[in-house]
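Working notes, beginning with the structure itself.
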Number of protein chains: 2
Amino acid sequence: MTRGRSIPRPSCRQCPLRRSEAFKAISGRALGFLSRLKVDHIATPQGHELIRAGDVNPRLYTLYRGWAFRYKTLSDGRRQILNFLLPGDLIGVQANMFDASPHAVEALTDAEFCVFSRRRLWDLYANFPELAFDITWLTAHEEGMVDDNLLSVGRRSAAERVAALLMQLYKRAQGLGLVEKDGLLLPITQQHIADALGISLVHTNKTMRRLVRIGLFQYRRSRLQLTDPHALERLADYFEAPLPPRPLI
Amino acid sequence: MTRGRSIPRPSCRQCPLRRSEAFKAISGRALGFLSRLKVDHIATPQGHELIRAGDVNPRLYTLYRGWAFRYKTLSDGRRQILNFLLPGDLIGVQANMFDASPHAVEALTDAEFCVFSRRRLWDLYANFPELAFDITWLTAHEEGMVDDNLLSVGRRSAAERVAALLMQLYKRAQGLGLVEKDGLLLPITQQHIADALGISLVHTNKTMRRLVRIGLFQYRRSRLQLTDPHALERLADYFEAPLPPRPLI
DNA sequence: CGGCGGCTTGACTAAATTCAAATACCGTGG
DNA sequence: CCACGGTATTTGAATTTAGTCAAGCCGCCG
């Protein structure tokens with residue numbers, strides 16, 4: 001049932017993600033438990049569908065490397081991207097709670113995932129309340145992200161939506177150390193942006209060009225450079241402080 | 001810090017909500033713990049703001065009676081309703097996880113809430129893993145609801161959005177036994193519907209009138225009667241099975 | 001070199017917003 | 001009982017925003 005190709009497991013003890021300041025420390029005992037809870041480590045190619053809408057009892061994943069996104073579609077094919085996933089994001093809590101996954105997850109880049117046993121999730125709740133709390137925290141945090149996106153899509157203009165999304169992705173990526181001197185490599189097409197913002201591809205393009213023309217950012221070959229981040233924040237009415245260290249499961 | 005007027009506490013053992021088939025059973029021990037976790041029972045008038053955006057360390061609530069909604073606003077006043085809250089819904093998990101509440105909560109009717117100690121939430125995680133799991137479940141479930149709304153607002157036409165929202169509210173209310181022979185009393189204005197669907201008040205009105213005219217539903221004096229629920233489902237492309245019993249905290 | 005996917009632009013159409021005003025509803029006070 | 005004021009609903013007209021259609025371009029890869 002696991003979609004993806006198993007590859008040798010990197011050691012949890014020396015997990016490079018955990019070295020990032022973005023994530024909070026964890027007890028050795030909890031880390032040992034997590035490394036036993038982890039049943040596989042998989043690699044998937046760009047475009048791979050990790051979870052399909054309707055999948056039953058999918059596993060729980062942590063995105064280890066690469067980018068992905070969560071989405072839903074209507075039966076005629078219209079697609080709404082719910083949120084983007086970056087390394088450290090926990091995937092499938094919702095899907096695990098209900099009979100069938102209500103959404104799908106697709107990799108934006110070649111990606112790797114830690115795979116956790118769904119069956120033994122109960123052991124985690126029974127024996128590691130701090131980890132259980134972390135799972136709730138991550139779920140609430142993801143909901144907060146969807147809340148933000150809903151605010152954008154419901155009440156911001158196209159230009160404001162673009163500004164809010166770019167700021168959000170930039171700040172998240174920055175927290176993970178993914179921003180380089182020449183900006184951030186966004187592994188997404190304008191179609192993804194359109195589907196995340198609830199606007200058409202053409203309108204997305206025209207809006208982005210306009211924002212580039214007035215000097216808010218550069219965007220060439222998928223590389224995003226914020227030339228006027230404050231103006232972008234003001235336009236979006238989006239002012240997020242950098243997150244404190246967050247749990248990593 | 002509690003907003004609202006304390007009133008005498010109904011007994012948790014004889015909680016009328018728990019008698020509803022909508023909620024799953026709970027052990028006597030867990031129920032005893034919850035009744036100790038509950039520190040207050042409050043009543044608030046219609047329109048009361050239970051949680052303000054930015055509130056720090058708000059408490060945790062369960063909506064005991066009445067309707068409410070969760071929302072965010074932009075600084076110029078544009079408002080997006082994130083989801084509606086019905087009896088049994090847990091409120092404030094997100095707000096509890098972060099420094100300041102990222103959203104606000106307002107009562108749509110005169111309402112009553114069970115108030116839980118935030119401080120002692122940790123005891124729950126430490127001693128009642130099944131309740132911890134329930135809190136995660138409820139959080140994931142609320143996220144699923146926001147996901148649905150985001151799909152609507154991002155990718156459905158105005159008419160489809162109205163159809164999806166009315167179906168969703170109707171089914172949720174039905175699960176709680178709130179639908180009567182002459183339909184469901186929806187304690188919301190068209191402005192609320194507009195703010196939930198990301199469309200203007202005027203357009204909401206015109207869209208609803210059109211759907212009434214073609215016979216999909218009746219809506220007089222806030223009373224909703226679905227005259228053609230199947231057509232409404234098809235229009236919305238929204239087909240939710242009734243939920244299995246869910247946790248009540 | 002050719003083809004394909006993704007980006008860009010213009011012209012036209014459709015959907016939704018805004019503005020304005022009339023009407024219905026509801027509770028209060030005379 | 002009725003008049004009154006405030007809120008909510010309804011409708012039409014003008015405007016703006018976004019979507020659709022169509023075509024050209026650009027960069028990359030085989």
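In what follows, chains carry the letters A, B, and so on, assigned in the order in which the sequence lines appear, proteins first and then strands, with residues in each chain numbered from 1.
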Minimum heavy-atom distance between B/Leu17 and B/Pro87, given as atom pair plus value: CD2-CB, 3.8 Å
Interatomic distance where CG belongs to B/Leu108 and C1' belongs to D/dA8 [whole Å]: 15 Å
Ring centroid separation B/Phe69 to B/His192 under 6.0 Å: yes
Member of B/Thr204, B/Ile81, B/Leu201 meeting the side-chain contact (heavy atoms from CB on, under 4.5 Å) criterion with B/Ile193: B/Thr204
A/Asp89 and A/Arg172 ion-paired at < 4.0 Å: yes
Under 4.0 Å protein heavy-atom contact, by nucleotide of nucleotides 10-27 of chain D - B base, S sugar-phosphate only: BBBB----SSBB------
Shortest non-hydrogen separation from B/Ala111 to B/Gly66 and the atoms involved: CB-CA, 4.4 Å
Angle between terminal axes - the helix from C/dC1-D/dG30 to C/dG30-D/dC1, 5 pairs each end, rounded to 10°: 30°
Salt bridge (charged side-chain N to carboxylate O under 4.0 Å, His left out) partner of A/Arg70, chosen from A/Glu143, A/Glu49, A/Glu142: A/Glu142
DNA chain C contacts made by residues 66-79 of chain A, counting heavy atoms under 4.0 Å: none
Whole angstrom value for the distance that separates C1' of C/dA16 from CG of B/Leu197: 13 Å
Pair A/Glu112, A/His41: side-chain N/O donor-acceptor within cut-off below 3.5 Å: yes
B/Thr44 versus B/Gly4, closest heavy-atom pair with distance: CG2-CA, 3.9 Å
For B/Asp147 against A/Val146, the heavy-atom pair lying closest together: OD1-CG1, 3.5 Å
Closest non-hydrogen atom pair, A/Glu160 against A/Leu235: CG-O, 3.3 Å
